[in-house]
Amino acid sequence: MADVPSVSIIQRFHGLVSRGLSFGRSFILRLPPIKLLLPFLPKTRDLSTPPHHGSTFDLILSDPSPSRIVIISLSYTPSPDGTGAWGELYGPRNDFILMLKHYGYLHGDTSGRFTLLNDFDATFKDSAGVEELIPKTDTSKKAIENAIKKSVSATNKSGSTVFYFAGHGALVEEEGPLESSTAAKALAQAIIVEKGERIYGPELRSWLSAGADPGASVTAIFDTCTCAGILGLSYRYEYRSKRVQTNEVSDDEVPITIVEIAAAQRGQEAYSKAYGKESHGQLTMSLIRYFKRTKHPTLKGLVRHLHTKCDPSGEQVPQVSSSAAPSPSPKPQLGLGSHAAPSIIK
């Protein structure tokens, strides 16, 4: 396992046979088992009656044409020398195709709207009937940083960027000096990329806002384990007692509007599941189904859908967070719509 110190891996296998799930997208590094039992609690009060009550969650989620779309799908196929063996994933390969269909990717598009970072070759047939090979690309930490910054900086004040990541997530000991010596704060959320490189939440948040127009927005989707709250955004939306509520969990300021849609809570696994003949990440499939079947998507509707439909067993609990306070304004448009023809989802 390149660039990662010796680790203690805790994997949850119970229920995989009965539920038809395949082990998902995380390893927990140097984490005592008792820590998994600690809840990830908000730091401040629960806003049971959010600001602008009655229209708080009625944000428009279906931008008909996101300005930039960054799709990162990693399968972690081990190299011949055995390095990079983080546990091969198959769901992201199918999720990659699903996202291309959803956003209407066309071969030969030179607009720069799409940035594709995948560590496998994929054959894709677009809506024009053109079938070509999409070769694997550089999925190193530096390549991902450059792709994000380039896409965000190219988005104007009325535009939106979609960032999608499918792969492994982890709780790891931070590299370098720690802000705190406590065990709880020594563990940081990170996504794992090529050769085991780590990208931490604060790094991602910085890249997603670096050079962006203040009026632009970013939707960041993480179909990976232990990722909820990875960007450290201020507001968290939760579904309790059949109501959507808002928690203010941080007072950190972000220069643009960022919405984070995460597959699983801190310390939880995210799973892939068989849908027909293919395996897909539960979050990815649930998201696509919501936007295909909903005429007028809202933040409130999305939160309710993810909490009730993504994984009814409750083993994987998705999370929606944002950097901006709830507002009745129809802005920002968060770039989750598509121009694509109806896909395989029924």
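Numbers here simply count residues along the sequence, with the first being 1.
Gln316 contributes a side-chain N or O that, together with a main-chain N or O of Tyr271, makes up a donor-acceptor pair within less than 3.5 Å. Under the 3.5 Å distance criterion, the side-chain polar atoms of Asp121 are matched with a main-chain donor or acceptor of Lys136. Side-chain atoms of Ser153 come within 3.5 Å of backbone N or O of Lys150 as a donor-acceptor pair. In terms of modelled atom types and a separation under 3.5 Å, the side chain of Asp138 and the main chain of Ala143 share no donor-acceptor contact. Distance alone, capped at 3.5 Å, is enough to place a donor-acceptor pair between the His107 side chain and the Phe124 backbone. A donor-acceptor pair under 3.5 Å is absent between the side-chain atoms of Thr139 and the main chain of Asn118, judged by distance alone. The backbone N or O of Arg198 lies less than 3.5 Å from a partner atom in the side chain of Lys141, making a donor-acceptor pair. For the pair Thr226 (side chain) and Gly267 (backbone), a donor-acceptor distance under 3.5 Å is present. Using modelled atom types, no side-chain atom of Ser206 and backbone atom of Pro202 make a donor-acceptor pair closer than 3.5 Å. In this structure, the side chain of Asn94 does not engage the main chain of Glu278 through any donor-acceptor pair within 3.5 Å.
Proximity of Leu100 to Leu116: side-chain heavy atoms (C-beta onward) are separated by under 4.5 Å at one or more points. Within the 4.5 Å cutoff, side-chain heavy atoms of Leu302 are placed close to those of Ile261. Residues Ile191 and Ile72 form no side-chain contact, since every pair of their non-hydrogen atoms from C-beta on lies 4.5 Å or further apart. Counting only heavy atoms from C-beta outward, the side chains of Glu315 and Glu269 never approach each other to under 4.5 Å. Looking at heavy atoms from C-beta onward, Val254 lies out of side-chain contact with Leu208 at the 4.5 angstrom threshold. Residues Arg289 and Tyr275 meet the side-chain proximity criterion, which asks for heavy atoms closer than 4.5 Å. Residues Ser209 and Val152 form no side-chain contact, since every pair of their non-hydrogen atoms from C-beta on lies 4.5 Å or further apart. Between Pro297 and Tyr290 there is a side-chain heavy-atom pair separated by less than 4.5 Å.
Screening Thr155, Ile256, Thr161, Thr257 for a side chain to side chain contact (heavy atoms under 4.5 Å, CB included) with Ser217, the sole residue that qualifies is Thr257.
Residues Leu233 and Val249 approach most closely at O-CG2, 3.5 Å, considering heavy atoms. For the residue pair Glu260 and Ala262, the shortest heavy atom distance occurs at OE2-CB, 3.7 Å. For the pair Phe165 and Ile192, the tightest heavy-atom approach, listed with the atom from each and the gap, is CZ-O, 3.8 Å. The two residues Val303 and Glu238 make their nearest non-hydrogen contact at CG1-C, 4.2 Å. Nearest heavy atoms, Gly201 versus Leu231: O-CD2, 3.9 Å. Considering every non-hydrogen atom in both Tyr237 and His307, the closest pair reads O-NE2, 4.3 Å.
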Practice prompt. Would you please test Val172 and Tyr200 for side chain to side chain contact (heavy atoms under 4.5 Å, CB included) and show each step?
Written response: CA-CA 9 Å; Val172 298; Tyr200 297 100; 3.5 Å; yes

Discussion item. Ser140 vs Lys195, test: side chain to side chain contact (heavy atoms under 4.5 Å, CB included). Steps then yes/no.
Written reply: CA-CA 8 Å; Ser140 65; Lys195 296 182 180 179; over 6 Å; no

Worksheet item: Would Leu74 and Leu89 satisfy side chain to side chain contact (heavy atoms under 4.5 Å, CB included), going step by step from the backbone distance to the final call?
Response: CA-CA 8 Å; Leu74 304 182; Leu89 300 176; over 6 Å; no

Item to complete: Just do the side chain to side chain donor-acceptor pair (under 3.5 Å) check on Asp119 and Ser75 with the steps written out, would you?
Response: CA-CA 7 Å; Asp119 64 354; Ser75 65; 3.2 Å; yes

Practice prompt. Would you sort out whether Phe163 and Ser151 count as a side chain to side chain contact (heavy atoms under 4.5 Å, CB included), showing the intermediate values?
Written response: CA-CA 9 Å; Phe163 169 82; Ser151 296; over 6 Å; no

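Interatomic distance, CD1 of Ile148 versus CD1 of Ile199, reported as 6.5 Å (0.5 Å rounding). Rounding to the nearest 0.5 Å gives a distance of 9.5 Å between NZ of Lys273 and SG of Cys310. Separation of atoms CG (Asp252) and CZ (Arg205) is listed at 5.0 Å; rounding is to 0.5 Å. In this structure, Arg93 CZ and Leu98 CG are separated by 16.0 Å, a value rounded to the nearest 0.5 Å. The line from OH of Tyr235 to CG of Asn247 is 11.0 Å long, rounded to the nearest 0.5 Å. Here the CG-CG distance, from Asp223 to Leu283, works out to 4.5 Å after rounding to the nearest 0.5 Å.
Phe114 and Tyr105 have perpendicular rings, their planes meeting at more than 60° on a 0 to 90° scale where under 30° would count as parallel.
Every residue was checked against the side-chain hydrogen bond (donor to acceptor under 3.5 Å, both in side chains) condition with Arg68, not counting sequence neighbours, and none meets it.
Leu287 and Val317 fall into different hydrophobic clusters, where Ile, Leu, Val, Met, Phe, Trp and Tyr residues are linked whenever their side-chain heavy atoms come under 4.5 Å apart, directly or through other members.
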